[in-house]
Structure formats: structure tokens, C-alpha cells
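Note sheet for the following structure.
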Amino acid sequence: MSKTNKPNEPSSGTIFYGQVNGSGTMDFTIDGINPVTVHTPVVIYPGVSDDKAHNQKTNPALSRSAIILERPFTVQMPNSGQHTNYVGYGNRNYLKYIGSKQIRFPFDVYNEAKTIFYPKNTWIEVEKSQESFTFYLPVWVDEGFYDVEFRTIAHNAPVGATHETNANLNLTHHIAYGTVPVDVIGRVYDFHVTDIADYNWESVFRKEIGSAEPTSASYWVGLVESMGRRGAIQRDTPSRFALEVILNIKTRYSNLAIILSLI
């Protein structure tokens, strides 16, 4: 059985002797054995990938990792890092002392293959020898600021063990704990204009003035789709039928323009 972390544990010992040719035995207590301290080291210096390429915020939260709805993201849980500077500790790999590694998200996630669902606020056990894990963020998660929790638990941790940030420098703790701030962000895409209530546009969208029959003219907002690929081109839509997200982009009429309102 593993001993929990404790300072200055008393030591004792006994020497046993047995006859080489016979059954007699003798034993003697060993005096003066020094006390020992049990301190099982664990560390956690976690990280979360920052999906800058798909962050549509005009003012990104630079201190937070951007994770995007309906996209995968990766978390890092390295087994190496700085512990106390005792002999044999320091900055090194502590895998052999780890009992388990866990992650807790304050929102629902799937595994990378989307075959396993993890409800929010559930500690997820991960493979302790692995240092990088990919998850998928479902579309129904509310946008906003969150903190993702990580912990590495020593193999000798008792029930109810306590934690310390990044490393259990104080031997009363058996868990290294860390958080990473993230920003859950949605996206605006596939906005398709097929008609406008303004009668100045009637001849663009209707075959005749006063007719309900459409011309089939339509406009995609932007030339890229949700993953950043040139979606309008893939839809066989000429660029002149795409509404670029800039001010006063002109239509085929010199006296009409699409005005972008920034809120």
C-alpha cells in the first residue's frame, strides 16, 4: 500500500538471522534509523489551443484561448514541469508518480470523433501517459468566458485529497491543479439574401414590377463559408453576387448601395 505524503515519518527495522544448517533464528532491533519524509510530486501546466483563424470577434479577448462552436479544439496536459528544487525534483518528467489526470469543462463537449458525450462540469479521466487531447464543441453551448479546470493526482492520494496550483510543493497536497481561461465564440455564416422589402430592389429580385415571380438573383454575404473556405465560389456564385462585408458595396445600379450597419 502507498503511504500518503507526510513529513518526518519515524523509521524502524529488525534484522533476522537464521542458521545455515538448522532451524534456529535470532532477531535484533535496529536502532538510530533516521526519519523519512514522503512527498510524491505531481505537476500540471495546462494549455488550450487558440483558434484565431476562426475567431470572428472584432475585439478578441487576448488573454483567453478562443474555442469555436462546431469546431475541434485541443488541450495540453504535459507530464513535465517545475516542482520544488529538492534533489531529484526540479524541472523534469513526473509521469511515474501520476495516479490519474482529469479535465473538467464548464460546458458540454464531445470527444474528437463525436462518439462520446461529456456533460458539463464532469471530471473527464484521460490517459495519463498522453499529453494532448482533442475535443469537439457542440453548437448549443452558450458563448462567453469560461475557465477550464485540470488536475493531476498523485498515485498515493487519499480520498478527499487537496490541491495546489501547478505543483504540490506543499506535501500536505496530493493534487496539482490548474485552469485555463477560454472564450467560447460562435460564427455568423451562410447569410443568404434572396429578397428585400425595399421596392427599389424589386427589379433585381422580381422578373417584372408588381410580379411575384423571382429572378433567382440572390446574394451570399462574403465569399467564404463556415470553415473559411471560399464558399460562394464553391456554390458557383459569381463574386458580383456576393455581398462583401464592407461599407457601401455597389450593386449593378450606380445609385444604389448596400449599407453595412455595425452594432
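These values consider heavy atoms only, across backbone and side chains, with no hydrogens, waters or symmetry-generated copies.
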Listed partners of H173 passing ring-ring contact (aromatic ring centres under 6.0 Å, His included), at least two apart: none

Look at the side-chain heavy atoms of Ile, Leu, Val, Met, Phe, Trp and Tyr, link any pair under 4.5 Å apart, and say whether V180 and V141 land in one connected group. yes

Sequence-distant partners of S211, side-chain contact (heavy atoms from CB on, under 4.5 Å), two or more places apart: E208, E213

Quiz: residues 118-138 side-chain donor-acceptor pairs under 3.5 angstrom, not counting sequence neighbours:
from, atom 1, to, atom 2, distance (Å)
T122, OG1, P119, O, 3.0
E125, OE1, Q102, NE2, 2.9
E127, OE2, S129, N, 3.1
E127, OE2, S129, OG, 2.8
K128, NZ, I98, O, 3.0
Q130, NE2, S132, O, 2.6
E131, OE2, N79, N, 2.7
T134, OG1, T74, OG1, 3.3
Y136, OH, E70, O, 3.4

Check side-chain contact (heavy atoms from CB on, under 4.5 Å) between D198 and all other residues, then give those that pass, not counting sequence neighbours. I196, N200, W201

Which atom pairs, one a donor and one an acceptor, fall under 3.5 Å between side chains of residues 18-35 and the rest of the protein, sequence neighbours left out?
from, atom 1, to, atom 2, distance (Å)
Q19, OE1, S23, N, 3.4
Q19, OE1, G24, N, 2.9

Check the orientation of Y94 and Y97. Use parallel for under 30°, tilted for 30 to 60°, and perpendicular for over 60°. tilted

Beyond-backbone contact of Q82 with V43, side-chain heavy atoms, under 4.5 angstrom: no

If we only count heavy atoms from C-beta on, is the K6 to T172 side-chain gap below 4.5 Å? no

Taking all non-hydrogen atoms of both residues into account, name the closest pair between N168 and H83 and its distance. OD1-NE2, 2.7 Å

Is there side-chain contact between I103 and V75, with at least one heavy-atom pair below 4.5 Å? yes

Taking salt bridge (charged side-chain N to carboxylate O under 4.0 Å, His left out) as the definition, give me every residue that meets it alongside E149, ordered by chain and number, with sequence neighbours left out. R104

Least distance between heavy atoms, A167 atom then Y45 atom: CB-OH, 4.5 Å

If the condition is salt bridge (charged side-chain N to carboxylate O under 4.0 Å, His left out), which residues does D51 pass it with, not counting sequence neighbours? R71

Could you grab the distance from atom OG of S216 to atom CZ of F205, nearest 0.5 Å is fine? 11.5 Å

Could you pull out all residues at least two apart from F117 that satisfy ring-ring contact (aromatic ring centres under 6.0 Å, His included)? Y110

Rounded to the nearest 0.5 Å, how far does CD1 of I185 lie from CG of N55? 3.5 Å

Using side-chain contact (heavy atoms from CB on, under 4.5 Å) as the criterion, list what pairs up with A113, not counting sequence neighbours. N111, T115

For D142 and Y146, the nearest pair of non-hydrogen atoms, with its separation, is O-OH, 2.7 Å

Can you name the salt bridge (charged side-chain N to carboxylate O under 4.0 Å, His left out) partners of K57, sequence neighbours left out? D183

Any side-chain heavy-atom pair of I68 and F73 under 4.5 Å: no

Could you state the interatomic distance from NE2 (H54) to CD1 (I67), rounded to the nearest 0.5 Å? 14.5 Å

CG/L169 to NE2/H39 distance, rounded to the nearest 0.5 angstrom? 7.0 Å

Determine whether a donor-acceptor pair (N or O, by modelled atom type, separation under 3.5 Å) exists between the side chain of R187 and the backbone of L69. yes

For the backbone of P158 and the side chain of T4, can you confirm whether one donor and one acceptor N or O come within less than 3.5 Å of each other? no

Picking from T179, N166, I44, what satisfies side-chain contact (heavy atoms from CB on, under 4.5 Å) with F150? I44

Listed partners of D147 passing salt bridge (charged side-chain N to carboxylate O under 4.0 Å, His left out), at least two apart: R64

Flag side-chain contact, heavy atom, 4.5 Å: N5 against T40: yes

Which atom names give the shortest non-hydrogen contact between P181 and S63, and what distance separates them? CG-O, 3.5 Å

Give a yes or no on whether the backbone of A176 and the side-chain of T152 come within a donor-acceptor separation of less than 3.5 Å. no

Does A157 have any side-chain contact (heavy atoms from CB on, under 4.5 Å) partners at least two apart in sequence or in another chain, and if so, which? I153, A161, H174

I175/V42 under side-chain contact (heavy atoms from CB on, under 4.5 Å): CA gap, chis, key distance, verdict: CA-CA 7 Å; I175 301 171; V42 284; 5.8 Å; no

Is there a path of hydrophobic side-chain contacts, each under 4.5 Å between heavy atoms, that joins Y177 and M77? no

